[in-house]
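First up is the structure itself, then whatever we jot down about it.
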There are 2 protein chains.
Amino acid sequence: MNYSIGQFSTITNISSPTLRYYEKEQILVTNRDAIGRRFYTEEDITWILFIKKLKDTGMSIKDIREYAILRYQGDSTMQQRLEILEKHKVFVMEEKAKWERNLQNLDDKIEIYKSRLNLH
Amino acid sequence: MNYSIGQFSTITNISSPTLRYYEKEQILVTNRDAIGRRFYTEEDITWILFIKKLKDTGMSIKDIREYAILRYQGDSTMQQRLEILEKHKVFVMEEKAKWERNLQNLDDKIEIYKSRLNLH
DNA sequence: TCTTGACTTAAAGTTAACTTTAAGAGTTAC
DNA sequence: GTAACTCTTAAAGTTAACTTTAAGTCAAGA
């Protein structure tokens with residue numbers, strides 16, 4: 001089954017201009033019909049949902065492009081893609097640690113405030 | 001002891017244009033000498049370092065401004081400031097949880113890749 | 001005195017990741 | 001057949017949080 005850009009936009013919950021933007025950024029390679037209109041496949045759905053996850057984990061469009069170009073080159077680039085993901089994992093681990101520290105800092109500040117308010 | 005904007009910039013590791021920008025955004029109220037040049041006090045150092053922490057925890061300039069305006073109003077606004085911090089804490093907790101999920105997702109993906117590569 | 005350095009301002013530029021606009025083409029519903 | 005709809009493109013606009021530029025003032029050192 002193929003989907004028009006409008007349908008694909010609805011399914012993936014990504015706006016059409018954003019899908020066109022991703023295409024321009026080489027993140028998404030899009031099929032065209034005889035008169036030049038875009039259409040998308042089931043495989044494109046799987047792919048764009050994975051892109052969404054990469055974005056959620058804070059990966060930049062630039063890095064996602066690097067990953068995407070490798071993916072479109074096929075299975076031979078799997079090792080390289082794994083390396084990108086493992087490198088990105090370090091970043092995600094650091095973010096997790098950062099937010100743990102942030103929460104601790106903020107909690108400390110809140111406790112100081114609370115004890116000061118109780119003195120009144 | 002008072003500090004010129006250049007000295008204050010060095011001490012706090014915040015560029016002079018950024019300090020002027022914070023002033024324009026009402027985050028920092030700055031003293032001026034007789035001929036209109038900015039100067040900063042020890043208290044300003046404490047304050048700007050706290051602003052830095054709020055920024056690290058992902059608080060927007062807009063929300064920091066709200067907090068700052070209350071702070072400059074004095075101790076009577078302490079309860080309101082505490083409320084801002086507690087509301088922000090919810091955000092920080094969500095961010096922490098988000099990055100925990102992200103790490104789990106990414107780890108799962110990496111495991112899938114690894115097992116596929118081992119089949120070769 | 002002259003130049004160097006630090007300061008002043010307002011305004012324009014930067015970056016990422018879109019979003020909106022403008023102008024037009026082809027398809028479908030009545 | 002014509003109006004409405006969905007698509008096409010290129011280019012301009014948006015937002016946050018600065019950063020850079022341009023043009024000028026003022027004080028201190030050689």
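Values below: all heavy atoms of this structure, side chains included; hydrogens, waters and symmetry mates excluded. A, B, ... follow the sequence lines: proteins, then strands. Residue 1 opens every chain.
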Provide, to the nearest angstrom, the distance between the CG atom belonging to B:Asn2 and the P atom belonging to C:dC7. 14 Å
Who are the side chain to side chain contact (heavy atoms under 4.5 Å, CB included) partners of B:Ile69, not counting sequence neighbours? B:Gln26, B:Arg65, B:Gln73
For the aromatic rings, using the six-membered ring if either is Trp, is the centroid distance between A:Phe8 and A:Tyr3 under 6.0 Å? no
Is the shortest side-chain N/O distance from A:Arg32 to OP1 or OP2 of D:dT9 below 4.0 Å? yes
Contact class for A:Arg38 vs. all strands (heavy atom < 4.0 Å): base, sugar-phosphate, or nothing? sugar-phosphate
What is the distance from CG of A:Asp33 to C1' of D:dT6, rounded to the nearest Å? 12 Å
Got a sec, which residues hit ring-ring contact (aromatic ring centres under 6.0 Å, His included) with B:Phe50, two or more places apart in sequence or on another chain? B:Tyr67
Please identify each residue that fulfils side chain to side chain donor-acceptor pair (under 3.5 Å) with A:Lys89, with sequence neighbours left out. B:Asp107
Atom CD of B:Glu23 and atom C1' of C:dT8: how far apart are they, to the nearest Å? 11 Å
Contacts of A:Tyr22 that satisfy ring-ring contact (aromatic ring centres under 6.0 Å, His included) - sequence neighbours left out: none
Taken to the nearest whole Å, CZ/A:Arg20 to C1'/D:dA11 is 14 Å
Between B:Gln7 (CD) and C:dC7 (C1'), how many Å, whole number? 12 Å
Between the side chain of B:Ser9 and the main-chain N/O of B:Ile14, is any donor-acceptor distance below 3.5 Å? yes
List in numerical order all residues of residues 84-92 of chain A for which some heavy atom is under 4.0 Å away from an atom belonging to DNA chain C. none
In this structure, which one of A:Gln79, A:Gln80, A:Arg81 forms a side-chain hydrogen bond (donor to acceptor under 3.5 Å, both in side chains) with A:Thr77? A:Arg81
What does the B/S/- profile of nucleotides 17-30 of chain C look like, 5' to 3', with a 4.0 Å heavy-atom cutoff to protein? BBBB-----SS---
Remember a base hit wins even if backbone is also touched, and classify A:Ser16 as base, sugar-phosphate or nothing at under 4.0 Å, heavy atoms. nothing
Quick one: does A:His88's side chain have a donor or acceptor within less than 3.5 Å of a partner on A:Asp63's backbone? no
For A:Ile27, does its backbone N or O pair with a side-chain atom of A:Trp47 as donor and acceptor, under 3.5 Å? yes
Send over the distance from A:Ile64 CD1 to C:dA16 C1', rounded to a whole Å. 12 Å
